[in-house]
Amino acid sequence: QVQLVESGGGSVQAGGSLRLSCAASGRTFSLYGMGWFRQAPGNKRTLLAATSGDGTSTYYANSVKGRFTISRDNAKNTLYLQMNNLKPEDTAVYSCAAKNYPYLGRFETDYDYWGQGTQVTVSS
């Protein structure tokens, strides 16, 4: 089992940047495929980016491709999401998630563990 805690959310103006972190504790971090999701009020939770256990495979949703970068530091048990050129429509609660196998997951149902989320607000 793994416990996940996100940090780094906040308020930023359009065009700005934020870096989210997801600290993991429990089993060996590299055994988990990881993903970043977001959910805005009234919308369903959607996958933004995902990475394999060793970080060599990544996936991005079209809405964030070229603006967001997912990375992980297995030595520090931490997952990151660098978000650049933020837009008001990026406003949401951002959550990290882990799946029990070190493979990239592209669907919400692939993931077994979830963090509590961190709020990101982008003003115009």
Side-chain angles (χ1 to χ4, degrees):
Q1 191 167 356
V2 64
Q3 292 78 44
L4 305 172
V5 179
E6 301 94 338
S7 61
S11 297
V12 64
Q13 289 191 325
S17 298
L18 284 174
R19 187 175 82 155
L20 305 183
S21 299
C22 172
S25 60
R27 292 175 60 206
T28 303
F29 186 52
S30 61
L31 294 177
Y32 297 95
M34 298 294 296
W36 282 103
F37 291 77
R38 72 183 177 193
Q39 186 171 21
N43 293 344
K44 65 178 183 178
R45 185 161 55 187
T46 59
L47 176 66
L48 303 176
T51 183
S52 56
D54 61 4
T56 58
S57 297
T58 57
Y59 163 83
Y60 294 95
N62 288 335
S63 59
V64 303
K65 196 174 297 183
R67 299 190 299 125
F68 291 10
T69 302
I70 189 171
S71 62
R72 64 191 298 160
D73 186 337
N74 286 343
K76 295 182 178 180
N77 292 349
T78 304
L79 177 74
Y80 302 100
L81 184 68
Q82 178 66 45
M83 306 186 294
N84 298 329
N85 190 22
L86 284 161
K87 305 175 181 180
E89 53 263 41
D90 293 319
T91 295
V93 174
Y94 286 66
S95 301
C96 62
K99 60 190 301 287
N100 271 324
Y101 298 94
Y103 308 115
L104 187 152
R106 297 194 181 199
F107 304 99
E108 185 174 347
T109 52
D110 289 337
Y111 293 86
D112 302 289
Y113 308 102
W114 296 84
Q116 83 288 349
T118 185
Q119 176 71 44
V120 172
T121 303
V122 184
S123 59
S124 58

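Residue indices begin at 1 and follow the sequence shown.
- M34 places a side-chain heavy atom less than 4.5 Å from the side chain of L4.
- Put simply, V93 and Y113 are part of two different groups of oily side chains (I, L, V, M, F, W, Y) that touch within less than 4.5 Å, one to the next.
- Hydrophobic cluster membership differs between F68 and L47, with clusters built from Ile, Leu, Val, Met, Phe, Trp and Tyr side chains linked at under 4.5 angstrom.
- Linking Ile, Leu, Val, Met, Phe, Trp and Tyr whenever their side-chain heavy atoms come within less than 4.5 Å puts V64 and L18 in one cluster.
- Among residues at least two apart or in separate chains, ring pair (Phe, Tyr, Trp, His ring centres under 6.0 Å) pairs with a member in residues 26-56 are F37-Y111, F37-W114.
- Taking each heavy atom of S17 and N84 in turn, the nearest pair found is OG-OD1, 3.0 Å.
- Inter-residue side-chain proximity for E6 and Q116 is flagged as met; some heavy-atom pair is nearer than 4.5 Å.
- With S30 as the fixed residue, the side chain to side chain contact (heavy atoms under 4.5 Å, CB included) test singles out one of N77, D54, N74: N74.
- Here the side chain of T51 pairs a donor or acceptor atom with the backbone of S57 at under 3.5 angstrom.
- The closest donor-acceptor contact from the side chain of R72 to the backbone of S52 lies under 3.5 Å.
- Under the 4.5 Å side-chain criterion, counting only non-hydrogen atoms from C-beta, K87 is in contact with R67.
- The shortest distance between side-chain heavy atoms of Q119 and T91 falls below 4.5 Å.
- L81 is not listed as a side-chain neighbour of R38, based on a closest heavy-atom distance of 4.5 Å or more.
- Note: T69 OG1 to M83 CE = 11.0 Å, rounded to the nearest 0.5 Å.
- The shortest heavy-atom contact between A40 and A92 is N-CB, 3.8 Å.
- Rounded to the nearest 0.5 angstrom, N100 CG and Q1 CD are separated by 9.0 Å.
- Residues V2 and R27 form no side-chain contact, since every pair of their non-hydrogen atoms from C-beta on lies 4.5 Å or further apart.
- The distance from the CG atom of L48 to the OH atom of Y60 is 11.0 Å, given to the nearest 0.5 Å.
- Under the 4.5 Å side-chain criterion, counting only non-hydrogen atoms from C-beta, L20 is in contact with V120.
- Between N62 and K65 the shortest heavy-atom distance is OD1-NZ, 3.3 Å.
- Taking each heavy atom of S123 and P88 in turn, the nearest pair found is C-CG, 4.5 Å.
- Note on I70: it clusters hydrophobically with L86, by side-chain heavy-atom contacts below 4.5 Å among ILVMFWY residues.
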